Each structure stands twice: as structure tokens, then as C-alpha cells.
Q: 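Sharing a structure with you now.
Keep in mind it's a predicted model, so treat the numbers as computed, not measured.
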Amino acid sequence: AGYPKWMWEERAALAKVVFQYQEQPSSSIDLVCAYSQNLLRYDKEHVVSGGCCSAVYNAEKMAEIIATLTPENMNVILVAKVHQEDREEFFNLEAPWFGTKYRKERLQEEDVQRWSVTQPDAKNPYLFLPKP
């Protein structure tokens with residue numbers, strides 16, 4: 001099914017509104033900094049609009065990108081104020097900039113298998129796109 005064109009057009013219309021009514025930088029230097037960062041991320045015709053304005057709808061490219069979203073290459077991030085494993089020995093790493101403790105580990109193979117769709121036509125009833 002992919003990403004429906006109506007959904008792309010709706011998102012593009014909202015992005016246009018965001019671009020038109022975005023807060024303006026407080027100084028010229030802030031504007032120059034924003035544009036210089038955009039030079040690294042976008043083609044020259046999108047430096048001013050940045051990520052606000054949509055490119056052209058490309059169903060094939062979107063299907064290609066969606067196909068790469070699999071349990072085998074996913075990254076799970078759990079952010080919680082309190083965690084059942086909120087003990088010092090649970091964390092195995094510490095961020096150098098803030099000293100925030102966190103845990104990094106590989107996904108269990110049984111979880112990857114459970115999250116994988118083994119039949120091409122199998123659908124999870126809890127995962128669906130809204131209707132127009």
C-alpha cells in the first residue's frame with residue numbers, strides 16, 4: 001500500500017503553513033547560522049525552506065525506504081522517569097557530556113523474530129494508516 005498521496009499532500013500543506021508562520025530569527029547572525037546549517041543538509045533550492053517544504057511525491061522511493069524499516073535494523077529507545085530496573089547495576093554506559101547513565105545492548109533474537117512479519121500479506125491490526 002505504501003504512503004498514500006493524499007497523506008503526502010496533507011503533510012505538505014501543513015509544512016507550508018509552518019514555513020509561512022515560523023518565528024523569525026532574532027538577529028541577522030542567527031539567520032546566517034540557520035542557512036549555513038541548511039547548506040549542509042539540503043540542495044541549494046531548499047536552503048531557505050529547509051525541511052519545511054515537501055519535495056515531489058515519489059511513491060517508489062517511499063516504498064523503497066519503508067521496506068528498509070525492519071526489526072533487524074531497528075533501534076529501540078526507552079525514555080522513562082522511573083524504570084523497573086532503576087538500579088545502578090542495570091546501566092552499562094555513561095554519556096560523557098552530561099554523565100547520564102544508560103544501557104546499550106543488542107535486541108534478543110526471539111524479539112526480532114516475534115516482531116518480524118513472516119508472511120508477506122500478514123498485517124498487524126494495531127498498525128494502520130488513518131483514512132482520509
Q: Side-chain heavy atoms nearer than 4.5 Å, only ILVMFWY residues, links allowed to pass through others: does that put Y102 and V76 together?
A: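 No.
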Q: Check the hydrophobic clustering (I, L, V, M, F, W, Y; side-chain heavy atoms under 4.5 Å; chains of links allowed) and say if L39 and Y35 are grouped together.
A: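 Same cluster.
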Q: According to a 4.5 Å side-chain heavy-atom criterion applied to Ile, Leu, Val, Met, Phe, Trp and Tyr, with indirect links allowed, do V47 and V32 form part of one hydrophobic cluster?
A: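 Unlinked, V47 and V32 end up in two clusters.
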Q: Are N38 and L40 close enough that some pair of their side-chain heavy atoms sits under 4.5 Å apart?
A: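 Side chain of N38 against side chain of L40, heavy atoms only: no contact under 4.5 Å found.
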Q: Do you know which of Q113, R114, Q108 makes side-chain hydrogen bond (donor to acceptor under 3.5 Å, both in side chains) with D111?
A: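 Testing D111 for a side-chain hydrogen bond (donor to acceptor under 3.5 Å, both in side chains) against Q113, R114, Q108 leaves exactly one candidate, R114.
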Q: Would a 4.5 Å heavy-atom cut-off, applied to side chains only, mark N58 and E60 as touching?
A: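 N58 reaches E60 side chain to side chain.
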Q: So which heavy atom on V112 is nearest to which on S116, and how close?
A: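 Closest pair (atom of V112, atom of S116, distance): O-OG, 2.7 Å.
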Q: To the nearest 0.5 angstrom, please state how far the CG atom of N73 sits from the CG atom of L69.
A: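 Nearest 0.5 Å value for the CG-CG distance: 7.0 Å.
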Q: Taking the side chain as everything from C-beta on, heavy atoms only, tell me whether L107 gets closer than 4.5 Å to M74.
A: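 Contact flag for L107/M74 side chains = yes.
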Q: State the CG-NZ distance between L93 and K104, to the nearest 0.5 angstrom.
A: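 Answer for the CG-NZ pair, L93 versus K104, is 7.0 Å.
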Q: Pair R103, E105 - check salt bridge (Lys or Arg N to Asp or Glu O under 4.0 Å), show working.
A: CA-CA 7 Å; R103 180 174 189 82; E105 62 184 44; 2.6 Å; yes
Q: Which atoms form the tightest heavy-atom contact between W115 and P71, and what is the distance?
A: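 Looking at all heavy atoms of both residues, the closest pair is O-CG, 3.5 Å.
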Q: For residues W8 and V17: do they belong to one hydrophobic cluster (side chain heavy atoms under 4.5 Å, members Ile, Leu, Val, Met, Phe, Trp, Tyr)?
A: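 No.
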Q: When clusters are formed by joining ILVMFWY residues with side-chain heavy atoms under 4.5 Å apart, either directly or through shared neighbours, do M7 and I66 land in the same one?
A: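 Yes; tracing contacts between hydrophobic side chains, which count when under 4.5 Å, links both residues.
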